[in-house]
4 protein chains.
Amino acid sequence: MAHTASEGEVKAVVDRVHEIGLKTELSRGEERTLVGVIGANAYAYREAFSHLSGIHEIIPITKPFKLASREFRPHDTVVDVGGVKIGGDEVVMMAGPCSVEGEEMLLETARHVAAQGAKVLRGGAFKPRTSPYSFQGLGEAGLKMMAAARDETGLKVVTEVVSPQDVDLVARYADILQLGTRNMQNYALLQEAGRSGKPVLLKRGMSSTIEEWLLAAEYVLSQGNRDVILCERGIRTFETATRFTLDLNAVPLARELSHLPIVVDPSQATGKWSLVRPMSLAAVAGGAHGLIVEVHPTPNQALSDGAQSLDFAAFDRLMSDLRRLLGAMAKQLA
Amino acid sequence: MAHTASEGEVKAVVDRVHEIGLKTELSRGEERTLVGVIGANAYAYREAFSHLSGIHEIIPITKPFKLASREFRPHDTVVDVGGVKIGGDEVVMMAGPCSVEGEEMLLETARHVAAQGAKVLRGGAFKPRTSPYSFQGLGEAGLKMMAAARDETGLKVVTEVVSPQDVDLVARYADILQLGTRNMQNYALLQEAGRSGKPVLLKRGMSSTIEEWLLAAEYVLSQGNRDVILCERGIRTFETATRFTLDLNAVPLARELSHLPIVVDPSQATGKWSLVRPMSLAAVAGGAHGLIVEVHPTPNQALSDGAQSLDFAAFDRLMSDLRRLLGAMAKQLA
Amino acid sequence: MAHTASEGEVKAVVDRVHEIGLKTELSRGEERTLVGVIGANAYAYREAFSHLSGIHEIIPITKPFKLASREFRPHDTVVDVGGVKIGGDEVVMMAGPCSVEGEEMLLETARHVAAQGAKVLRGGAFKPRTSPYSFQGLGEAGLKMMAAARDETGLKVVTEVVSPQDVDLVARYADILQLGTRNMQNYALLQEAGRSGKPVLLKRGMSSTIEEWLLAAEYVLSQGNRDVILCERGIRTFETATRFTLDLNAVPLARELSHLPIVVDPSQATGKWSLVRPMSLAAVAGGAHGLIVEVHPTPNQALSDGAQSLDFAAFDRLMSDLRRLLGAMAKQLA
Amino acid sequence: MAHTASEGEVKAVVDRVHEIGLKTELSRGEERTLVGVIGANAYAYREAFSHLSGIHEIIPITKPFKLASREFRPHDTVVDVGGVKIGGDEVVMMAGPCSVEGEEMLLETARHVAAQGAKVLRGGAFKPRTSPYSFQGLGEAGLKMMAAARDETGLKVVTEVVSPQDVDLVARYADILQLGTRNMQNYALLQEAGRSGKPVLLKRGMSSTIEEWLLAAEYVLSQGNRDVILCERGIRTFETATRFTLDLNAVPLARELSHLPIVVDPSQATGKWSLVRPMSLAAVAGGAHGLIVEVHPTPNQALSDGAQSLDFAAFDRLMSDLRRLLGAMAKQLA
């Protein structure tokens with residue numbers, strides 16, 4: 001309460017809190033009175049009393065997320081995707097083209113990255129594009145190509161879903177549902193993905209705080225789905241030299257706050273293929289459980305995001321550097 | 001092309017551009033060669049050649065949005081919502097509670113704001129909340145209350161829709177569909193709203209540039225819906241003293257770039273009721289076609305966003321100040 | 001203290017606080033113990049105990065600035081610059097070229113803006129430029145031209161000082177010392193300006209919070225100089241359509257927190273002359289005590305920032321619109 | 001030039017460019033005319049013609065910085081600080097307390113970090129503090145303590161200078177002059193440091209782009225001082241979970257654009273000691289030439305920034321992890 005709050009104002013706050021079904025705990029000091037608000041949902045209801053007169057400030061003491069919190073589950077969650085384990089001591093490489101452009105290029109890429117040690121194939125069939133005039137993806141045809149590439153190579157498949165109506169369709173083909181940065185707060189989609197029974201790769205919103213990201217994870221978890229993989233993919237800042245600012249601080253910080261595994265996407269974040277290798281190594285050195293990078297057989301012909309895709313030679317160099325790095329950290333590639 | 005680009009590199013770029021169906025135009029200077037790329041969709045395809053060697057930089061010359069652009073339609077669009085005209089010389093006040101909490105409080109608010117000169121009733125029935133544990137709105141029951149308030153007061157109704165599946169439902173009750181900041185790049189929703197036949201109030205994404213915002217409008221317009229109203233509602237910056245940073249620069253700038261009307265939401269942006277009046281006046285002085293503000297009969301009991309809602313007395317003062325201001329600008333309230 | 005803090009941890013915090021000369025006040029609740037820290041300088045010393053174990057969070061209860069705060073001085077400060085009063089009911093227009101380029105252009109501009117009702121002449125003699133290869137200003141020669149323009153027109157002179165060594169020199173010629181956005185946290189300069197006896201126009205740092213800005217003002221005020229004028233000039237955000245994002249929210253907010261007058265610079269902020277008029281009107285409608293705008297007789301020949309300068313016709317239109325607006329607000333131009 | 005530019009408008013631009021002493025080169029295409037502007041200083045003068053009518057856009061083709069650019073000096077610069085080489089294959093650890101608080105704590109820290117392999121002692125004697133009421137450092141007394149610690153341990157000394165007047169004084173005691181984030185655009189200070197003959201550690205401004213940072217380096221280099229070390233220390237973003245957002249992308253990017261060495265400060269950036277170890281490893285894996293970290297014998301008693309300082313045990317663990325990591329990268333600690 002404010003310095004100058006009257007007894008009546010304190011009482012009005014206490015009464016209002018009780019009225020909405022929460023408990024209070026008063027701490028009276030010489031200079032100020034503090035009103036503790038206690039209850040399972042206290043955070044959500046702060047707005048119901050925040051306008052009362054005499055309040056100096058409302059300060060959340062407990063974290064607003066629960067199921068995602070390290071306190072709720074002290075040990076690291078390991079998401080098991082048909083035998084590929086994400087969240088343990090092995091680092092998982094996910095690689096593939098930005099968009100699925102055709103069967104041949106996809107298979108060629110899948111074979112190559114599998115031979116180099118990748119475990120998951122990435123590729124977009126439904127693309128959320130800023131402009132309605134940009135290439136929007138091949139849709140179900142693209143999903144079928146992904147599934148065919150899985151059948152041949154044994155790679156698991158991660159691909160984006162952009163609309164609640166498409167969750168069932170995508171879940172038929174994918175091993176992991178990707179929720180993209182523009183949809184991190186698309187709650188209908190989060191809940192539908194939560195009900196799908198599939199692991200969810202949840203990209204951080206480009207302007208979302210870590211707390212909001214974990215609350216978005218909470219939407220999925222609260223549907224009974226425990227298999228959420230966080231993915232840092234760059235935030236929007238004033239810097240324009242990179243497409244986004246890859247926020248690697250999020251890796252150790254999310255691991256402190258949450259038990260969920262976290263992977264890093266340096267391709268989308270930086271928008272520059274030459275930065276993908278150093279930022280991948282940095283991510284893993286900082287504690288990431290995996291990487292998701294764009295690889296294309298001929299990046300200069302890619303229909304989208306060519307400038308940020310690695311070609312095969314650059315991917316091979318990355319894998320070899322990664323192996324050396326992981327060796328030094330007493331870890332290994334999955 | 002780069003300073004050092006060879007003839008072969010220039011040719012490779014030209015060939016690739018032709019391959020994807022666009023035309024080129026070469027400008028050779030003493031120091032550099034420029035390759036102009038011409039075609040209806042040139043912007044969307046830049047990624048298909050951006051990785052070729054010898055390119056120095058790719059610079060968009062024409063704007064990526066068309067239907068939303070001032071060049072496409074030189075005169076201001078006026079959206080007619082059952083006789084309430086948004087985008088002309090009259091400034092339209094939209095007011096109401098953040099959430100529809102119950103019939104009585106809604107009616108009381110609607111009657112009051114209508115008597116003071118508001119033309120549109122705002123109120124959320126479907127609420128996109130950061131936390132799954134927060135109050136999510138009354139759903140269809142809330143929509144029915146909005147419709148009842150319209151029947152009694154004659155106010156038009158604007159309310160948010162958060163999922164493509166709900167567009168039909170919300171369109172049955174609402175006069176204007178609101179698309180919220182978290183859904184500005186939810187393209188499935190944009191397109192569905194575009195097909196609804198209803199005017200769309202498109203809030204700016206909290207981390208969206210003005211160009212991305214106009215591209216989002218383009219998604220709606222490209223479905224044949226010409227009635228898009230832009231709404232500036234604050235962007236995310238480093239400043240934490242206000243909830244978001246209301247970016248009033250967007251008002252004159254959007255009016256330069258686009259023919260679409262623009263309204264301003266100072267309540268959501270600032271998160272502080274005491275800033276709503278000065279920022280409303282500033283918005284209108286800067287050229288806004290309307291305002292959308294939160295009003296609540298008893299803000300200290302509001303279930304959400306109480307601290308940013310005006311009570312009736314504060315709303316009345318705002319309306320009176322607005323009238324005086326508009327008089328000085330040779331405009332008036334709708 | 002944390003939920004799990006032991007008695008020993010509470011005691012260690014209390015002891016440490018006493019050790020650095022502050023008082024404590026314990027509030028013990030059922031779930032938590034709170035340690036209030038009391039003393040003139042408590043905020044500054046938080047780092048001296050923030051690392052002790054068992055602490056959950058340290059929350060500043062009182063504002064870190066004092067002399068600048070509204071609580072310290074409840075009534076608006078009016079800065080009297082040789083009869084021109086900034087901070088009262090009259091709005092003060094400051095106008096002139098970005099840089100002083102020569103005597104003739106300066107005089108021509110000064111005569112014009114004075115005839116239209118400006119009270120202060122702005123113009124840079126020392127320019128802090130991002131590139132060492134850009135025009136750095138005319139130095140003392142420029143100051144002399146400003147003083148000559150004052151002698152002829154009666155306008156007061158505001159001009160920037162960029163180094164503590166130059167404060168005496170600039171103070172000999174200027175009526176108001178301007179501290180620029182890049183120097184808002186140049187504390188040696190702030191203190192030297194504080195000792196100069198001249199009013200100080202303190203521009204907000206382009207990435208400074210309002211709190212940091214008021215703390216910078218505190219550096220000047222704490223030298224015994226009461227005449228500080230705040231100046232909002234745009235902050236750095238992700239938006240690139242304007243040069244900076246003019247944050248008009250800062251106007252009513254700074255007026256709530258502080259008694260100091262605040263003026264707005266729409267030219268530097270937006271970087272576009274076409275936005276200067278609407279944003280000037282918005283600033284004044286939102287409560288600004290004055291404006292500082294760039295005016296140039298022939299903007300297309302300006303050595304710096306031509307694109308953001310008004311020509312004489314555009315300035316005249318602004319002044320006429322301002323007068324009408326102020327009339328509606330029962331205010332007037334100084 | 002714009003689509004619609006007349007011949008007269010093209011001519012006016014060409015004439016103006018010639019008038020300011022630059023050359024032009026015309027490229028006429030079917031749809032547009034391009035005017036190339038050529039000259040040593042072209043970038044700096046763009047504002048002198050940017051407002052002419054008929055111009056569509058002015059696009060810088062060459063980089064605004066020269067001496068700092070990789071094009072100017074293709075090989076990595078190695079700064080030799082009395083035998084400690086920064087910028088080569090060996091990674092240099094700089095460590096020490098945030099502030100010099102007293103002789104004993106400084107010596108104790110210096111001995112410890114030297115024994116563990118650090119080569120440079122950091123410590124602030126002049127502290128730029130946001131609040132005028134915070135501890136401002138011990139001044140020359142602190143510098144003497146740093147010099148004494150150097151004499152005993154052989155560590156080189158890096159310490160901040162905050163005012164041009166103090167450059168001589170600090171240069172008498174320090175081996176490397178540190179220019180802090182709040183002073184990155186304090187051009188008087190940059191130039192004075194450039195003339196000091198001492199290596200300069202140039203911290204990135206908290207809201208500075210990489211281009212502006214390299215331009216600030218250019219201010220130092222243009223005084224004839226070739227020994228500039230860049231230091232990434234976090235940028236200001238919307239994320240509040242860390243004190244700043246450490247932008248590791250800047251490491252590989254600055255190395256592409258410039259030949260200057262780059263070190264990383266994870267302590268100031270994150271503000272959390274628990275993030276220092278993972279972000280240090282990430283920085284080095286991403287290509288940093290060195291680290292500068294805060295170490296304190298008893299962080300819970302530190303007068304400033306205790307929560308972000310490592311204690312001795314945490315520092316030892318970091319050094320041991322670093323050695324392992326560098327081994328994997330075929331590098332080593334200096």
Side-chain angles (χ1 to χ4, degrees), chain B residues 63 204-214 234-257 264 266 269-288 320-331, chain C residues 63 204-214 234-257 264 266 269-288 320-331:
Chain B
K63 295 198 185 64
R204 181 179 180 185
M206 65 181 75
S207 65
S208 296
T209 63
I210 288 181
E211 183 177 305
E212 290 167 337
W213 189 19
L214 292 174
I235 57 173
R236 191 157 262 187
T237 70
F238 63 82
E239 176 62 76
T240 54
T242 43
R243 196 168 158 195
F244 295 94
T245 297
L246 184 65
D247 178 13
L248 286 188
N249 309 277
V251 173
L253 196 55
R255 293 192 61 175
E256 276 183 24
L257 296 171
V264 169
T270 63
K272 283 180 189 277
W273 74 267
S274 63
L275 300 186
V276 168
R277 198 183 59 86
M279 295 312 285
S280 292
L281 297 172
V284 168
S320 134
D321 285 0
L322 260 182
R323 280 200 171 84
R324 241 190 359 240
L325 178 71
L326 288 169
M329 297 168 73
K331 291 191 175 182
Chain C
K63 296 199 185 62
R204 181 180 179 186
M206 64 181 77
S207 65
S208 297
T209 62
I210 289 181
E211 182 177 306
E212 290 166 338
W213 191 18
L214 293 174
I235 57 173
R236 191 156 262 187
T237 70
F238 63 82
E239 176 61 78
T240 54
T242 43
R243 196 169 159 194
F244 296 93
T245 297
L246 184 65
D247 178 12
L248 287 188
N249 310 278
V251 173
L253 196 54
R255 293 192 60 176
E256 276 184 24
L257 297 171
V264 168
T270 63
K272 283 179 188 279
W273 74 268
S274 64
L275 300 187
V276 169
R277 198 184 58 86
M279 295 312 285
S280 292
L281 298 173
V284 168
S320 133
D321 284 0
L322 260 182
R323 281 200 170 82
R324 239 186 4 236
L325 178 71
L326 289 169
M329 298 169 70
K331 291 189 174 183

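Numbered from 1 within each chain, the chains take letters A, B, ... in sequence-line order.
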**Q** Check residues 245-252 of chain C and write down every donor-acceptor pair under 3.5 Å in which the side-chain atom is one partner and the other belongs to a residue at least two apart or another chain.
**A**
residue, atom, partner, partner atom, Å
C/Thr245, OG1, C/Thr237, OG1, 2.8
C/Asp247, OD1, C/Asn249, N, 3.3
C/Asp247, OD1, C/Asn249, ND2, 2.7
C/Asp247, OD2, C/Arg204, NH1, 2.9
C/Asn249, ND2, B/Leu246, O, 3.1

**Q** Is it the backbone or the side chain of B/Thr270 that comes under 4.5 Å from a heavy atom of chain C, or both, or neither?
**A** side chain

**Q** Where on B/Arg255 is there a heavy atom nearer than 4.5 Å to chain C: the side chain, the backbone, both, or neither?
**A** neither

**Q** Can you name the closest pair of heavy atoms from C/Thr209 and B/Phe238 and give their distance?
**A** N-CE1, 3.8 Å

**Q** Closest heavy-atom contact between B/Ala241 and C/Leu253?
**A** CB-CD2, 3.5 Å

**Q** Given that the side chain runs from C-beta out, which part of C/Arg323 has a heavy atom under 4.5 Å from chain B: side chain, backbone, both or neither?
**A** neither

**Q** Checking B/Arg324 now: which residues fulfil salt bridge (Lys or Arg N to Asp or Glu O under 4.0 Å) with it, not counting sequence neighbours?
**A** B/Asp321

**Q** The criterion is side-chain contact (heavy atoms from CB on, under 4.5 Å); which residues satisfy it with B/Ser274, sequence neighbours excluded?
**A** B/Lys272, C/Glu256

**Q** Heavy atoms under 4.5 Å from chain B: which residues of residues 277-287 of chain C carry them?
**A** C/Pro278, C/Met279, C/Leu281, C/Ala282, C/Ala285, C/Gly286

